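The structure appears right after this line, and notes come after that.
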Amino acid sequence: MITVAEHRARVLAETTPTPVMPVSLADAEGRVLAADVASRWPVPLFDNSGMDGYAVRAADAVQGAVLRVVADVPAGSGLDPAIGVGETARIMTGAPVPSDADAVVPLEHTDLGTEVTADVPAAITIMREPKAGAHVRRAGEDSAAGVVAVTAGQVLGPWQLSSIASAGHTRVSVHRAPRVAVISTGSELIDPAGEPARGQIPESNSVLLAAAVRAAGADVVTVATVADDEAALRTLLADVDADAIVLSGGASVGAFDVVKAVLDGTGTVTFGPVAMQPGKPQGFGTDASGRLVFGLPGNPVGVAAGFEAFVRPALLAMAGRTDIDRPRVIRTAATGWRCPAGRAQFLPAVIDDDTVRPATSGGSGSHLVTSLALAHALAVVPAEVDHVSKGDAVEVMVLS
């Protein structure tokens, strides 16, 4: 068997980012920025007011001073009224500060209180004097023109998109979302809504994998279930247009392991045991068309563990991300449990602020699908550990 780290290293060595394409900001959410975005101009563009109030010369705005209001400057105005000694201009938040002013007195620091009236008052009385520069947002104090606003490699969420728009751009270069085909294999699989006969089970792996692929930011282009029929699988694979194919089932050493029979030796695709539990049977490589091929085991917990250990990091790397790993924390075991000798354990687990415990009493058996619904983490126990005792420190991969 090879180790989890060795298999992961092979996966990442054959993984390359998807092509770069220009998209509008409306279509960029969730994508990974492929090139730095620099501000076209200073942010803010001009000195502007941080409050609704009055633009003043700070030297005139001593407590008790009465200032004559000579202008009204709303947000969006291009006005630059002259302000002489003993004068002021009413100003709204975001409006450009008149060149003659060096401070803004908030409404509530005048005798007018907080009410904004339609009519501009003739004069105001200063109730609290400002310091020079008070409530003035200076041009370029956030960033100067030409400064990088958002760096390449970032996942574009609402805040990043807002920064790009503020920097004066409506289109960005991003990595295309990986296109992924999900294929479950097995003659025992039936539609979940069906009535299983003896030996049949509801097909759930494609549901798990398709949802996991989407959660990783990739696009699911195909979801299919195939019986243990080599010809049928070959036909399906020939019709798939994808960057990666994730198959479940048929990756071990059984007589009807159709995935291994069809794909082993195709391109760089190979199958073999990985020292992990669940998820020991694994296949991976690049097929003749250049597509990444992942052959996961058929049992649901093994599918989940294999996806988190190998497929998800590869999909994130394909999308241009550098942060491809789930967060990991250390928690204290709330109870003891057994671990498989010589294999790293990926145990569906429940964590709180201090402790970790198995999601079910059945441990990490690959068939214990109920544990997936209860778990929000995987306890990752090294291969050299054969037993976790209550109170032991355990590394935990946080899933949600």
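Throughout, residue positions are numbered sequentially from 1 according to the sequence presented. Predicted model only: the values in this text are computed from it and were never measured.
A donor-acceptor pair shorter than 3.5 Å can be found between the side chains of Thr270 and Arg10. No side-chain donor-acceptor contact under 3.5 Å links Thr355 and Thr332. Gln160 and Ser163 share no donor-acceptor pair across their side chains, judged by distance under 3.5 Å alone.
Within the structure, salt bridge (Lys or Arg N to Asp or Glu O under 4.0 Å) contacts touching residues 41-65 (residues at least two apart or in different chains) are Asp47-Arg138, Arg57-Asp60. Pairs of residues two or more places apart, or lying in two chains, that qualify as salt bridge (Lys or Arg N to Asp or Glu O under 4.0 Å) and include a residue from residues 282-300 are Asp287-Arg291. Note on residues 184-203: no pairs pass salt bridge (Lys or Arg N to Asp or Glu O under 4.0 Å), not counting sequence neighbours.
Rounding to the nearest 0.5 angstrom, the gap separating the NE2 atom in His7 from the CG atom in Leu12 is 10.0 Å. The structure places NZ of Lys390 at 13.0 Å from CZ of Arg357, a figure rounded to the nearest 0.5 Å. In this structure, CG in Asp142 is found 11.0 Å from CG in Leu45, a value given to the nearest 0.5 Å. Between the CG atom of Asp386 and the SG atom of Cys339 there is a distance of 7.0 Å, given to the nearest 0.5 Å. To the nearest 0.5 Å, the span separating CG on Asp27 from CZ on Arg171 amounts to 8.5 Å. Rounded to the nearest 0.5 Å, atoms NE2 (His387) and CH2 (Trp337) are 9.5 Å apart.
Between Arg328 and Glu395, the closest side-chain pair of non-hydrogen atoms falls below 4.5 Å. With contacts defined as side-chain heavy-atom distances shorter than 4.5 Å, the pair Val303/Asn299 does not qualify. A heavy-atom distance below 4.5 Å is not found between the side chains of Asp257 and Phe271. A 4.5 Å side-chain heavy-atom check between Thr15 and Leu292 finds at least one atom pair inside the cut-off. No side-chain heavy atom of Leu156 sits less than 4.5 Å from a side-chain heavy atom of Glu29. The closest side-chain heavy-atom distance from Arg312 to Arg326 is below 4.5 Å. The shortest side-chain heavy-atom distance between Leu263 and Leu237 falls under the 4.5 Å cut-off. In this structure, the side chains of Ile245 and Ile183 come closer than 4.5 Å at one or more pairs of heavy atoms.
Remark: the backbone N or O of Ala227 is not paired with any side-chain donor or acceptor of Ser187 at under 3.5 angstrom. Under a 3.5 Å cut-off, the side chain of Arg176 and the backbone N or O of Met21 do not form any donor-acceptor pair. In this structure a side-chain-to-backbone donor-acceptor pair under 3.5 Å is missing from Thr88 to Leu67. A side-chain donor-acceptor contact under 3.5 Å links Thr3 to the backbone of Glu6. No donor-acceptor pair under 3.5 Å is formed between the side chain of Ser162 and the backbone N or O of Pro158. Side-chain atoms of His376 come within 3.5 Å of backbone N or O of Ile351 as a donor-acceptor pair. Listed for the Asp228 side chain is no donor-acceptor partner under 3.5 Å among the backbone atoms of Val258. A donor-acceptor pair is defined here as one N or O able to donate and one able to accept, closer than 3.5 Å; such a pair exists between the side chain of Gln282 and the backbone of Gly279. For the pair Asn205 (side chain) and Gly298 (backbone), a donor-acceptor distance under 3.5 Å is present.
Ala377 approaches Val396 most closely through the heavy-atom pair CB-CG1, 3.5 Å. Here the closest heavy-atom approach between residue Pro313 and residue Glu308 is recorded as CD-O, 3.4 Å. For the residue pair Asp243 and Ala177, the shortest heavy atom distance occurs at OD2-O, 4.2 Å. Met276 approaches Gly306 most closely through the heavy-atom pair CE-N, 4.4 Å. Considering all non-hydrogen atoms of both residues, Ser39 and Ala149 come closest at OG-CB, 4.0 Å. Contact between Arg179 and Ala242 at its shortest, heavy atoms only, is O-CB, 3.4 Å.
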Requested in this report: Kindly determine whether Met51 and Glu108 satisfy side chain to side chain contact (heavy atoms under 4.5 Å, CB included), including the steps that lead there.
Outcome: CA-CA 10 Å; Met51 300 286 287; Glu108 55 268 32; 3.6 Å; yes
Query raised in the report: How far apart are the C-alpha atoms of Asp80 and Ser99, what are their side-chain angles, what is the distance that settles it, and do they pass the side-chain hydrogen bond (donor to acceptor under 3.5 Å, both in side chains) test?
Result: CA-CA 7 Å; Asp80 188 9; Ser99 299; 2.7 Å; yes
Query raised in the report: Should Thr286 and Val293 be marked as a side chain to side chain contact (heavy atoms under 4.5 Å, CB included) after you check the CA-CA gap, both sets of side-chain angles, and the distance that decides it?
Result: CA-CA 6 Å; Thr286 304; Val293 175; over 6 Å; no
Query raised in the report: Is there a side chain to side chain contact (heavy atoms under 4.5 Å, CB included) between Leu315 and Val180 once you walk through the steps?
Result: CA-CA 9 Å; Leu315 295 181; Val180 182; 3.7 Å; yes
Query raised in the report: Do Val150 and Asp36 pass the side chain to side chain contact (heavy atoms under 4.5 Å, CB included) test, and can you show the C-alpha distance, the side-chain angles, and the key distance before you say yes or no?
Result: CA-CA 6 Å; Val150 183; Asp36 292 348; over 6 Å; no
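Remark: Asp325 engages Arg8 in a salt bridge, criterion side-chain N to carboxylate O under 4.0 Å. For the pair Glu141 and Arg137, the salt-bridge criterion is not met [side-chain N within less than 4.0 Å of a carboxylate O].
Linking ILVMFWY residues whenever their side-chain heavy atoms come closer than 4.5 Å, directly or via other members, leaves Val104 and Met92 in distinct clusters. Both Val301 and Met397 are assigned to one and the same hydrophobic cluster, defined by single-linkage of ILVMFWY side chains at heavy-atom distances under 4.5 Å. Put simply, Val274 and Val380 are part of the same group of oily side chains (I, L, V, M, F, W, Y) that touch within less than 4.5 Å, one to the next. Tracing side-chain contacts under 4.5 Å through hydrophobic residues (I, L, V, M, F, W, Y), one never reaches Val148 starting from Val172; they form parts of separate clusters. Linking Ile, Leu, Val, Met, Phe, Trp and Tyr residues whenever their side-chain heavy atoms come within less than 4.5 Å places Phe346 and Ile2 in a single cluster.
When each of Pro81, Ser49, Pro74, Ser77 is tested with Ile91 by the rule side chain to side chain contact (heavy atoms under 4.5 Å, CB included), just one qualifies, namely Ser49.
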Quick one: side chains of residues 120-131, donor-acceptor pairs under 3.5 Å with protein atoms, not counting sequence neighbours, listed by atom name and distance.
from: Arg128; atom 1: NH1; to: His109; atom 2: NE2; distance (Å): 3.2
from: Glu129; atom 1: OE1; to: Gln63; atom 2: N; distance (Å): 3.0

Do any side-chain atoms of residues 207-225 form donor-acceptor pairs under 3.5 angstrom with protein atoms, and if so which ones, sequence neighbours left out?
none

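Among residues two or more places apart in sequence or in another chain, the ring-ring contact (aromatic ring centres under 6.0 Å, His included) test is passed with Phe284 by Phe294.
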